[in-house]
Amino acid sequence: MSGKSLITSVCPHCKKDNVVRGKALTLAMTCQHCSTYFTRGNWTEVDVKFNDTTVPAIPIGSKGKIEGTTYEVMGFVVKYVRKYRFKWREYTLFNPVKGLAFLSESEGHWNFVKPLKDDPKGEKRGLSFNYNGNGFHLFQKYKAEVVFAKGEFCFDIFTGTDQTMVEEYIAPPYLLSLESDSESYRWYEGIYINHTEVATAFGLTTAKLPAKEGRGYTQPFVSGFTKESLMLLCFLLGAVLFAIQIYLHASSQDKIVFEQKFYGNSLKEGQKMFVTPSFELEGESKSLVMELYAPLYNDWFFGNFVLVNENDNSEYEFSKEIEYYSGNDGGESWSEGSKKGSAFLSRIPAGRYHLNIYPEFSFSNKEFTITLIRDVSNMSNFWVTLIVLSIFPVFYFIRHHHIESSRWSDSDYSPYDE
Amino acid sequence: MNQYHLFTCPDCNLAAKTKGLRSVIVTCTACGAVLANETSLDIPKMPMADDWSIIQIGATGTHNKKGFEVVGRVRMQMRKEYKNYWCLWFPVDMKYAWLVESLGFYAICTDTFFEIDQLELVKKIKANTSFQVSDKTSVTIDEVDFCEILSFSGEINTWSYGNRFFVAQGKNGPIIAAFIHFSAQKDRVKFLAGEWVPVESLQLKNINTTHVW
């Protein structure tokens, strides 16, 4: 800070003069000579010598631009929560127009915090509430203590910390913090800020800042898109896929080109196969479905099939087995398998064809029916595409859930414990 | 006191001319000497503390499309922070108002203090409790603090508290602000009502440029 007048304050411990950079704004400070913390108002007398020593990563007095406002670092406090054995560092920032703001740092993760005039929770009860379109949930509730301080402060940091209950609600990257005691009820809003942004703002190198460890409690789950945009994209792709399938289904001809019932006893001695009469497949390369039916009862049927193109003698070989069993067990009837089956052949060119059938009959069943249908839409393509499209979102949500549950493992109020 | 009253500071010889119609306190803006005091308060000569406020006497601005000039200042050094009550004069309406400012928050308030008979209740006032300021309106208290040092500068249109009184800051929603003054020595509770405003909306000019980075 710079200004017209020079205000000094005598340290009650070493009796040396200190220049008060915050002028009348400063109600407490540490001595620039002996590091004793003391209050300036004659209504309180606090005189503390710290055992701990911590060098602020951002020097006191340095200026940095955050969210378009130039702040000066006034003070630095190390706070500790005995209950959780958790320690973090807080930088008090000041701008004459915007007032106070704070940068808090823990394990290399930073939050930029400002006082809030609004009461975001209001009359709402419970651990969760919505504010500005974000769902906040209570992360931690604690009373902290000051273990180290350096610089100047607009209030006595001991009474402003030790007697204050803090409730922190998060909706990463956002943070809402309520600091309350009998005389004060103040909300603060914060946002996770990357350490490179902090370094750039204050003209430092990232090497000067504490190294990042683990995941910050307000650190957002970073991806190229939000959960909402991914769900919207999935919904749109699914809708497009469904529309394509509807179109294909509506435009398919489902034309029966051949149908015949076959009897095993019609095979002559030594004859192993049936040869169907020739049939015509028209149009471009399109699908052909063979539907197979056999009047099975606790029985099976198997067939090898060869579709022969009589124009160029090309062959399409496939097989199909169907089986059907049923019974009554302890008064309950049951069944498994089916008397029907189908085989799907895709992209069969137009031409004149016949089908060679190599049946394998059981002892009881000696008949089956073949129906050949041209240009049938295939649902399996739809399901395969849908499954492939689902892989990424499923992976995304699994990873998101893992990261969120890991974040909340440090909280006594985890929504993942419910 | 009539408008345009002329003073010459007996201590520093600075000439001063009042701009408002009904100033009850006038102090020298240079040295803090008391030039006029129509209240019953004992106001000692006291220089104004520099607290990095960008506002200063002589600054101008607009509120609700009406121009104002800052003509006076009451500074309250609280135990936990400070509050500046800047006395505004709106020449077109010939009215005063208060601009309450503290650590980057600004509220435009009524020109006079409302009075309520709630002394027993107000003595029990705590943060995050509701306090009835009128039959229909209550505010939620954000802070209760104690004024340790009071200083005046320029013209003040109304004031009735000396040193050492409580100030409770309350709100009703995100806009409505109330500043409630009370002390054991007074039988009436007084409060200012107003609204929080973003400083940009005031379009302040002639501000303290040494305090702008």
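As a basis for the values below, the full set of heavy atoms in this structure was taken, side chains included, without hydrogen atoms, waters or symmetry mates. Proteins come first, then strands; the chains are lettered A, B, ... in the order of their sequence lines, and each starts at number 1.
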J.: Show the nearest heavy-atom pair for residues A:V97 and B:Y106, with the distance to one decimal.
T.: O-OH, 3.0 Å
J.: Looking at A:K117 and B:E195, is there a salt bridge between them, counting it only when a charged N and a carboxylate O are closer than 4.0 Å?
T.: no
J.: Determine the option with the most heavy-atom pairs under 4.5 angstrom with chain B, choosing from A:S182, A:A101, A:A28.
T.: A:S182
J.: Taking atom NZ as the centre, does B:K126 end up with more than 12 heavy-atom neighbours from other residues, nucleotides or ligands that are less than 6.0 angstrom away?
T.: no
J.: Is the NZ atom of A:K49 crowded by more than 12 outside heavy atoms at less than 6.0 Å?
T.: yes
J.: With a strict 4.5 Å heavy-atom criterion, list every residue of residues 64-78 of chain B that contacts chain A, or say none.
T.: B:R75, B:Q77, B:M78
J.: As an exercise, state the distance from CG of B:N128 to CZ of A:R186, rounded to the nearest 0.5 Å.
T.: 13.5 Å
J.: At what distance, to the nearest 0.5 angstrom, does CG of B:N172 lie from CG of A:D119?
T.: 11.5 Å
J.: Taking all non-hydrogen atoms of both residues, which atom of B:A127 and which atom of A:D181 are closest, and how far apart?
T.: CB-O, 3.7 Å
J.: To the nearest 0.5 Å, what is the distance between CZ (B:F105) and CG (A:L100)?
T.: 9.0 Å
J.: Side chain, backbone, both or neither: which part of B:Q169 has an atom under 4.5 Å from a heavy atom of chain A?
T.: side chain
J.: Is there a side-chain contact between A:S184 and B:K80, using heavy atoms and a 4.5 Å cut-off?
T.: yes
J.: Kindly indicate whether the side chain of A:E183, heavy atoms from C-beta on, has any atom under 4.5 Å from the side chain of B:R79.
T.: no
J.: Taking NZ in A:K150 as the centre, count heavy atoms belonging to other residues, nucleotides or ligands within less than 6.0 Å. Is the count above 12?
T.: no
J.: Step through the shown structure and confirm whether more than 12 heavy atoms of other residues, nucleotides or ligands are within 6.0 Å of NZ on A:K79.
T.: yes
J.: Do A:C154 and B:L103 have side chains that get closer than 4.5 Å, going by heavy atoms?
T.: yes
J.: Suppose a student defines contact as a heavy atom less than 4.5 Å from any heavy atom of chain A. Which residues in residues 141-154 of chain B would they list?
T.: B:I141, B:D142, B:E143, B:V144, B:E148, B:I149
